[in-house]
Amino acid sequence: MTDMNDSEFRELIEQKISQLEDRLEDADIDYDVSGSILTVEFDNGTQIIVSPQISGHELWLAATSGGFHYAWNGEDWISTRDEGTFDQKLIECCSSQGESYLEI
């Protein structure tokens, strides 16, 4: 979507992971961060994994409902399949998979 180098991409990812950590803490949802991979853990034993894909400059979300890829358009992380945003999908997945409300 936008041209950027790996350093710029990593900076965007760090900002996003930090934002997500703040929101998950506010929502009292368990999570773990290892490097730049964020794992959201629910009481029912399921997980959502958010991970960067440096080679394609994409942000990936893996949930029980499937895998989703997002590219930076200069303003937001937009799905590579439709016009949905990463935040919208994460909120949806937390609600349906973990019965947890997340506000981003």
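The local environment of CD in Q15 is crowded, with over 12 non-hydrogen atoms from other residues, nucleotides or ligands closer than 6.0 Å. Within a 6.0 Å radius of CG in D6, other residues, nucleotides and ligands contribute more than 12 heavy atoms. More than 12 non-hydrogen atoms from other residues, nucleotides or ligands lie less than 6.0 angstrom from CG of D82.
Note: L61 CG to I49 CD1 = 9.5 Å, rounded to the nearest 0.5 Å. The line from CZ of R10 to CD of E14 is 9.0 Å long, rounded to the nearest 0.5 Å. Distance check: D32 CG to L24 CG gives 11.5 Å after rounding to the nearest 0.5 Å. Taking CD of E58 as the start and OG of S79 as the end, the distance is 9.5 Å to the nearest 0.5 Å. For the atom pair L20 CG and D87 CG, the distance stands at 7.0 Å (nearest 0.5 Å). To the nearest 0.5 Å, atoms CG (L59) and CD1 (I13) are separated by 4.5 Å.
Looking at D76, its side chain never comes within 3.5 Å of a backbone N or O of I78 through a donor-acceptor pair. Checking side-chain atoms of T85 against main-chain N and O of Q88 turns up a donor-acceptor pair under 3.5 Å.
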Show the numbers, then the answer: is there a side-chain contact (heavy atoms from CB on, under 4.5 Å) between C94 and I48? CA-CA 8 Å; C94 285; I48 293 173; 4.1 Å; yes
Could you please spell out the steps behind the side-chain contact (heavy atoms from CB on, under 4.5 Å) verdict for V50 and F86? CA-CA 10 Å; V50 176; F86 171 85; 3.8 Å; yes
Dump the intermediate steps for side chain to side chain donor-acceptor pair (under 3.5 Å) on T64 and Q97, then the final yes or no. CA-CA 7 Å; T64 57; Q97 182 174 322; 3.1 Å; yes
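Hydrophobic clustering, with ILVMFWY side chains joined whenever heavy atoms are under 4.5 angstrom apart, groups L90 together with V33. Taking hydrophobic clusters as Ile, Leu, Val, Met, Phe, Trp and Tyr residues chained together by side-chain heavy-atom distances below 4.5 Å, I54 shares a cluster with M4.
Of all heavy-atom pairs spanning S36 and I17, the tightest one is O-CD1, 3.9 Å. When all heavy atoms of G98 and N44 are compared, the closest pair comes out as CA-ND2, 4.3 Å.
The side-chain heavy atoms of K16 and L12, taken from C-beta on, include no pair separated by under 4.5 Å. Here the side chains of F42 and E99 are not in contact, with every heavy-atom distance at 4.5 Å or above. E11 has its side chain out of reach of E8: every pair of non-hydrogen atoms, C-beta onward, lies at least 4.5 Å apart.
When each of W60, W72, Y70 is paired with W77, the ring-ring contact (aromatic ring centres under 6.0 Å, His included) condition holds for W72 and for no other.
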